There are 2 protein chains.
Amino acid sequence: MEAAPHDETIRAGGLELRRSDGLVLAGGQVVQTSVRELRLLVALVDRWGRIVSREELYRLAWGGTLRAGDRSVDVYVHKLRAKLEQALPDTAFIHTHPGFGYRFDPVSQGLNRSATAR
Amino acid sequence: MEAAPHDETIRAGGLELRRSDGLVLAGGQVVQTSVRELRLLVALVDRWGRIVSREELYRLAWGGTLRAGDRSVDVYVHKLRAKLEQALPDTAFIHTHPGFGYRFDPVSQGLNRSATAR
DNA sequence: CGACTCGTGAACGAGTCGTGAACGCGTGGG
DNA sequence: CCCACGCGTTCACGACTCGTTCACGAGTCG
């Protein structure tokens, strides 16, 4: 029944991601995510610290090829950011790398951390 | 980390569930449940805090495979919510996760600003 | 400036979920 | 034998959610 070969639970800067349940916790509270949102988040978290192109993110979360002009990834990154920031306002999780893609790396505001963004 | 494998009596946020009797108490008063309702409730409580798919709930409470288009689980979740809400109006027990399933987690209204929000 | 990338809110169609009601079945009492 | 009753299923309709797409503005770079 439970098929979870990977790490069942991922923890990152106040974020908790239970793969088997499809449950996301941030700061102790439940973050409601849709199926797409969760798959995108998992795709990003699995490549923690690395820049992931939109093409790859689309392939992982949607399962096809990203067509030219498709902004779906952008829109869903926005949705994820909104939900995560609502739960943990002082932490930035997803960073934009213009021309390359997105990168997942929790950075708490006010603390010294590698802020590679922009 | 595992919460109560098969305890006799389960207590959760004003709810009391005795397995052997099949007795459900909420806020001190008895909640009359049918066999199906109780089995569904037990299935949810046993996976407290986790999202449980309709397929699994059907398998646990009914004992077969959920056919496409079968709304039985939805209807019985509704019945359970109605009965629990009548006993404890300020507590939400069963939360919906669209696309995933249902999750049992008692949340008292007004005292808790977290959990199921959108 | 002009072209491009990205953020963000809104609108829309499709699908999912909540909910009341009708129906059928078995049970037990008159 | 008939009827009332509780239980479980199914249906119908409304409300809500999801994913896509568009539109516009901000920011960036040569």
Side-chain angles (χ1 to χ4, degrees), chain A residues 22 24 30-44 51-86 89 92-104 116-118, chain B residues 22 24 30-44 51-86 89 92-104 116-118:
Chain A
V24 178
V30 175
V31 177
Q32 288 257 20
T33 62
S34 71
V35 179
R36 287 261 186 276
E37 288 168 356
L38 182 68
R39 292 185 63 169
L40 177 60
L41 182 58
V42 167
L44 279 166
I51 300 176
V52 193
S53 68
R54 285 178 175 72
E55 287 75 16
E56 190 170 359
L57 287 174
Y58 192 89
R59 197 167 46 76
L60 292 164
W62 274 259
T65 307
L66 181 66
R67 293 162 303 145
D70 194 332
R71 302 287 309 279
S72 298
V73 176
D74 299 65
V75 173
Y76 270 79
V77 165
H78 174 54
K79 290 182 179 180
L80 277 179
R81 287 211 258 234
K83 291 186 176 181
L84 293 177
E85 276 168 10
Q86 187 185 357
F93 291 94
I94 305 173
H95 309 277
T96 307
H97 290 255
F100 295 95
Y102 295 101
R103 178 177 54 91
F104 180 85
T116 327
R118 305 208 150 229
Chain B
V24 179
V30 177
V31 177
Q32 290 268 14
T33 62
S34 70
V35 179
R36 286 265 187 274
E37 287 169 356
L38 183 67
R39 292 184 63 170
L40 177 60
L41 181 57
V42 168
L44 279 166
I51 300 176
V52 193
S53 69
R54 285 178 174 73
E55 287 75 15
E56 190 170 358
L57 288 174
Y58 192 89
R59 201 163 43 75
L60 292 165
W62 275 259
T65 308
L66 181 65
R67 293 162 303 145
D70 194 332
R71 302 287 309 278
S72 298
V73 175
D74 299 65
V75 173
Y76 270 78
V77 165
H78 174 54
K79 291 181 178 181
L80 278 179
R81 286 211 259 232
K83 292 186 176 181
L84 293 176
E85 206 169 29
Q86 188 185 356
F93 291 94
I94 305 174
H95 309 277
T96 307
H97 287 252
F100 293 96
Y102 294 101
R103 177 177 55 92
F104 180 86
T116 320
R118 187 168 209 278

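Only a predicted model underlies this, so the values are computations on that prediction, with no experimental measurement involved. Proteins come first, then strands; the chains are lettered A, B, ... in the order of their sequence lines, and each starts at number 1.
Side-chain N/O atoms of Arg54(A) include one lying less than 4.0 angstrom from OP1 or OP2 on dC6(C). In terms of phosphate contacts, Arg39(A) brings no side-chain nitrogen or oxygen within less than 4.0 Å of OP1 or OP2 of dC18(D). In this model, the phosphate group of dG18(C) is approached by a side-chain N or O of Thr96(B) to a distance below 4.0 Å at OP1 or OP2. The side chain of Tyr102(A) places an N or O atom within less than 4.0 Å of a non-bridging phosphate oxygen (OP1 or OP2) of dG7(C). For the pair His78(B) and dG20(C), the criterion of a side-chain N or O lying under 4.0 Å from OP1 or OP2 is met. The phosphate of dG8(D) (OP1 or OP2) has no side-chain N or O of Trp62(B) nearer than 4.0 angstrom. Between Ser34(B) and dG8(D) there is a side-chain polar atom (N or O) within less than 4.0 angstrom of OP1 or OP2. Within the 4.0 Å cut-off from OP1 or OP2 of dG18(C), at least one side-chain nitrogen or oxygen of Arg81(B) is found.
Side-chain contact between Val73(A) and Glu55(A) is absent, with no heavy atoms from C-beta onward closer than 4.5 Å. You'll find the side chain of Tyr102(A) reaches within 4.5 Å of the side chain of Thr96(A), heavy atoms only. With contacts defined as side-chain heavy-atom distances shorter than 4.5 Å, the pair Arg54(A)/Ser72(A) does not qualify.
Looking at residues two or more places apart in sequence or on another chain, you find a side chain to side chain contact (heavy atoms under 4.5 Å, CB included) between Val75(B) and Lys79(B).
What separates CZ of Phe100(B) from C1' of dC17(C) is a distance of 15 Å, to the nearest Å. Arg36(A) places its CZ atom 13 Å from the C1' atom of dG15(C), with the value rounded to the nearest Å. At whole-Å resolution of the value, NE2 in His95(A) and C1' in dC6(C) are 16 Å apart. Between Leu84(B) atom CG and dG18(C) atom P there is a gap of 15 Å when expressed in whole angstrom units. In this entry the distance linking NE2 of His97(B) with C1' of dG18(C) reads 16 Å, nearest Å. Between the P atom of dC18(D) and the CG atom of Leu38(A) lies a distance of 12 Å, rounded to the nearest Å. What separates CD of Gln32(A) from C1' of dT16(C) is a distance of 14 Å, to the nearest Å. Atom CG of Asp74(B) is separated from atom P of dG14(D) by 19 Å (rounded to the nearest Å).
Along DNA chain D, the nucleotide nearest to Val75(B) and the one nearest to Thr33(A) differ in position, and the one closer to the 5' end is contacted by Val75(B). In terms of position on DNA chain D, the residue among Glu37(B) and Pro98(B) whose nearest nucleotide sits closer to the 5' end is Glu37(B).
Annotation: the span from Leu57(A) atom CG to Leu40(A) atom CG amounts to 5.5 Å, rounded to 0.5 Å.
Across all strands shown, Val77(B) has no heavy atoms under 4.0 Å from either base or sugar-phosphate atoms. Contacts of Gly69(B) with the nucleic acid, taken as non-hydrogen atoms under 4.0 Å apart, are absent.
Relative ring orientation between Phe104(B) and Phe93(B) is described as parallel, the plane-to-plane angle staying below 30° on a 0-90° scale split at 30° and 60°.
The side chain of Tyr76(A) lies closest to dG19(D) when the candidates are dG19(D), dA23(D), dG18(C). If you check dG8(D), dG18(C), dT20(D) against the side chain of Lys79(A), the one that comes closest is dT20(D).
Pairing for dG30(D) is with dC1(C), a Watson-Crick or G-U wobble pair whose two hydrogen-bonding atom distances lie under 3.5 Å.
Side-chain atoms of Arg71(A) and base atoms of dG19(D) include no donor and acceptor less than 3.5 Å apart.
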